[in-house]
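Presented below is the structure to which this report refers.
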2 protein chains.
Amino acid sequence: MTTIYDIAKKTGYSITTVSKVLNDYPNVSEKAKAKVLAAVEELGYTPNSSARTLATNKSWMIGVVFAEHLGVGMAHPFFSEVIESFKKHVELYNYDLLFVSRKMGLKEETYRHLKHRGVDGVVVVQSLGDDALDFTEFNMPTVFIDMPEKGAHAVYSDNKQGSTLAVDYLYGLGHRKIAHITGAQTMYTAVERAKGFELAMEKHNLSIPSKYIVDGGYYSYEGGREAMFRLLSLTDRPTAVFVSGDEMALGAIKVIKEAGLRVPEDISVIGFDDIPLAKHVDPPLTTVKQDKELIGHQSAALLLDEINELGKNRNGKVIPVQLIKRQSCMSVDHMW
Amino acid sequence: MTTIYDIAKKTGYSITTVSKVLNDYPNVSEKAKAKVLAAVEELGYTPNSSARTLATNKSWMIGVVFAEHLGVGMAHPFFSEVIESFKKHVELYNYDLLFVSRKMGLKEETYRHLKHRGVDGVVVVQSLGDDALDFTEFNMPTVFIDMPEKGAHAVYSDNKQGSTLAVDYLYGLGHRKIAHITGAQTMYTAVERAKGFELAMEKHNLSIPSKYIVDGGYYSYEGGREAMFRLLSLTDRPTAVFVSGDEMALGAIKVIKEAGLRVPEDISVIGFDDIPLAKHVDPPLTTVKQDKELIGHQSAALLLDEINELGKNRNGKVIPVQLIKRQSCMSVDHMW
DNA sequence: TTGTAAGCGTTATCAC
DNA sequence: GTGATAACGCTTACAA
């Protein structure tokens with residue numbers, strides 16, 4: 001490996017001068033600069049980031065902690081889009097992303113590992129708060145995506161508003177018997193969406209039979225199937241279902257079809273996320289769209305500010321959602 | 001930050017002994033071991049990986065270079081699954097994944113950056129060979145996914161065989177007018193699948209009108225739409241279409257439907273990849289499944305061997321594919 | 001404008 | 001079993 005010593009020897013300058021050239025310091029002659037740069041090129045010199053990190057205490061890496069409970073890791077259709085957007089943004093500032101091993105299940109172990117790696121900041125992408133560990137004592141710039149965390153930046157969608165949008169829309173279509181397939185209530189997003197659902201229903205003076213709220217688990221296709229199955233078994237079936245996640249919604253639609261019913265003619269379905277498939281399925285899924293692009297971008301901006309100590313107040317940042325009307329909902333007048 | 005010096009001071013031992021304990025070296029007394037470990041716990045000591053890397057010349061990081069030409073980065077439905085599988089495997093051996101910035105478009109710049117980071121190995125996830133740079137001179141353990149590269153390990157599906165499976169199946173269903181929507185011929189996979197298609201057609205003594213082969217570009221939904229559109233405008237339309245990628249296939253199906261035709265009653269469609277949506281669309285897509293799990297696993301194993309200098313011959317490793325029969329294909333007898 | 005030398009936190013060599 | 005000490009490749013006071 002070639003080092004600054006090699007460059008120094010080759011050019012006749014000291015390593016200090018070489019280093020200064022490499023780091024664009026002011027007081028170096030043009031001549032020195034030229035010679036050094038030429039030597040760098042000729043010898044194919046590449047600075048060693050470990051050495052640099054050791055000396056400067058700055059790694060130019062951002063640690064990424066990914067959701068585990070969903071099992072798919074970075075193949076997750078929503079999170080992968082968010083993190084891609086995040087990556088695009090931090091790349092502009094020369095940061096690389098370090099996806100750390102999570103075989104250590106414990107949060108604390110993960111922190112230790114991130115400290116070990118000397119990352120400049122951390123982005124936590126998960127909707128689940130495993131255990132309550134106060135982040136203020138983990139003294140490291142951190143941003144949470146998809147859930148708020150005490151003492152840290154966080155960026156997430158306006159989940160409650162999303163539910164409101166969904167319910168209002170269904171109400172406007174004349175639906176009164178509206179059910180809700182929730183996500184597991186251990187997840188912040190799922191809780192918020194459920195709350196929003198109840199609030200919106202209340203607003204319209206609509207009662208919610210307890211059987212109309214059913215837990216679909218961790219946003220999975222299978223969970224949606226099971227939940228919808230239960231809903232269909234009810235004697236007084238809902239005419240519309242607001243599902244807390246798109247994949248669950250697809251599972252629900254599948255079950256409805258299997259039961260010989262149609263979407264939206266017999267039952268209207270509305271999802272949450274707007275994953276890429278949503279527009280391609282049949283019928284195209286009406287859903288509450290989360291702005292993955294913006295979530296990624298905002299969380300990156302927040303984290304970079306924090307790293308550069310420009311961080312202001314560490315609050316949750318709420319990203320607006322939007323109702324995407326496609327073909328999985330229908331006015332009650334036209335049903336049956 | 002607490003260092004081994006702090007541990008040394010606290011325990012009364014030298015940093016050498018501390019280091020030995022930390023690295024499980026043989027010649028240390030049980031007593032020393034216990035004291036050191038206790039101090040580590042008490043002080044919340046975390047080793048500094050940069051220092052360690054500097055001293056050992058081993059970073060325990062694997063660099064990840066991701067496809068760019070598709071625009072979606074790690075949100076890619078196929079690649080994200082492969083890399084997740086890869087990650088799961090290398091995690092077992094304590095490696096973290098470093099996703100490097102690719103704003104430097106040039107391959108050479110990327111290499112430099114990876115060298116700079118001191119990664120122990122590199123996995124390149126892309127189906128496109130940007131430019132011809134010989135990897136043998138980039139002296140670093142590397143594995144390519146989805147395309148072969150001279151002088152490096154590579155893991156990819158048996159693309160030709162996939163085409164054969166598809167054509168044979170369609171032939172068996174009685175189809176004789178079979179078209180092929182290819183991927184851009186700059187991609188290895190696309191070329192192989194196209195070759196396989198031609199070979200298989202030849203085998204059955206089926207002629208391929210030149211208009212029956214149309215380029216759908218980089219496997220995108222839109223590309224599939226456009227390609228299918230051209231196919232539909234033909235006076236002598238095909239009864240079946242083998243599409244080189246699932247997303248393209250979905251686009252193609254969409255266009256078919258928009259033209260007032262049905263899949264599979266009017267036209268049979270078969271895709272390639274088996275992305276998660278494939279089973280959820282309508283009709284569920286018959287497709288050639290790539291074993292993402294195995295591709296990720298194999299490439300990880302190959303790379304780790306190379307890193308540990310157990311690397312044997314650096315050849316391409318071909319992963320078997322499988323035809324997944326769903327509902328987008330139909331026997332010609334039942335058509336119309 | 002340039003150079004000397006200390007320091008970053010480890011591991012590794014070698015003597016005790 | 002244990003401990004000095006050099007080395008890894010770089011940045012950065014401080015001097016010159």
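A note on names: the letters A, B, ... follow the listed sequences, proteins ahead of strands, and every chain is numbered from 1.
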Practice task
Using a 4.0 Å cut-off on protein heavy atoms (strictly under), produce a 5'-to-3' string for nucleotides 7-16 of chain D with B for base contact, S for backbone-only sugar-phosphate contact, and - for none.
Solution key: -BBBBBB---
Please tell me if the side chains of [X] and [Y] come closer than 4.5 Å, counting only heavy atoms from C-beta onward.
{"X": "P276(A)", "Y": "E81(A)", "result": "yes"}
{"X": "V123(A)", "Y": "T142(A)", "result": "no"}
{"X": "K292(A)", "Y": "F78(A)", "result": "yes"}

In whole Å, what is the span from the [atom1] atom of [X] to the [atom2] atom of [N]?
{"X": "K9(A)", "N": "dG3(C)", "atom1": "NZ", "atom2": "P", "answer": "15 Å"}
{"X": "K35(A)", "N": "dT2(C)", "atom1": "NZ", "atom2": "P", "answer": "10 Å"}
{"X": "Y13(A)", "N": "dT4(C)", "atom1": "OH", "atom2": "C1'", "answer": "17 Å"}
{"X": "N27(B)", "N": "dG3(D)", "atom1": "CG", "atom2": "P", "answer": "13 Å"}

Problem - Sugar-phosphate only, base, or nothing, as touched by G118(A) at under 4.0 Å among non-hydrogen atoms - result: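 Result for G118(A) = nothing.
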Exercise for the section: Taking only the side-chain nitrogens and oxygens of S29(A), find out if one of them lies under 4.0 Å from OP1 or OP2 of dT1(C). Expected result: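 Looking at the OP1 and OP2 atoms of dT1(C), neither is under 4.0 Å from any side-chain N or O of S29(A).
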Handout entry: Candidate list R314(A), E306(A), K317(A), test side chain to side chain donor-acceptor pair (under 3.5 Å), partner H153(A), passing option
Key =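 Result for side chain to side chain donor-acceptor pair (under 3.5 Å) with H153(A): E306(A).
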Exercise for the section: Count the heavy atoms of every other residue, nucleotide or ligand shown that sit under 6.0 Å from NZ of K88(A), and state whether that count exceeds 12. Expected result: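 Result for NZ/K88(A): enclosed.
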Exercise for the section: Sequence neighbours left out, what passes ring-ring contact (aromatic ring centres under 6.0 Å, His included) with Y95(B)? Give chain and number order. Expected result: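 Counting only residues at least two positions away or on another chain, Y95(B) forms a ring-ring contact (aromatic ring centres under 6.0 Å, His included) with W60(B).
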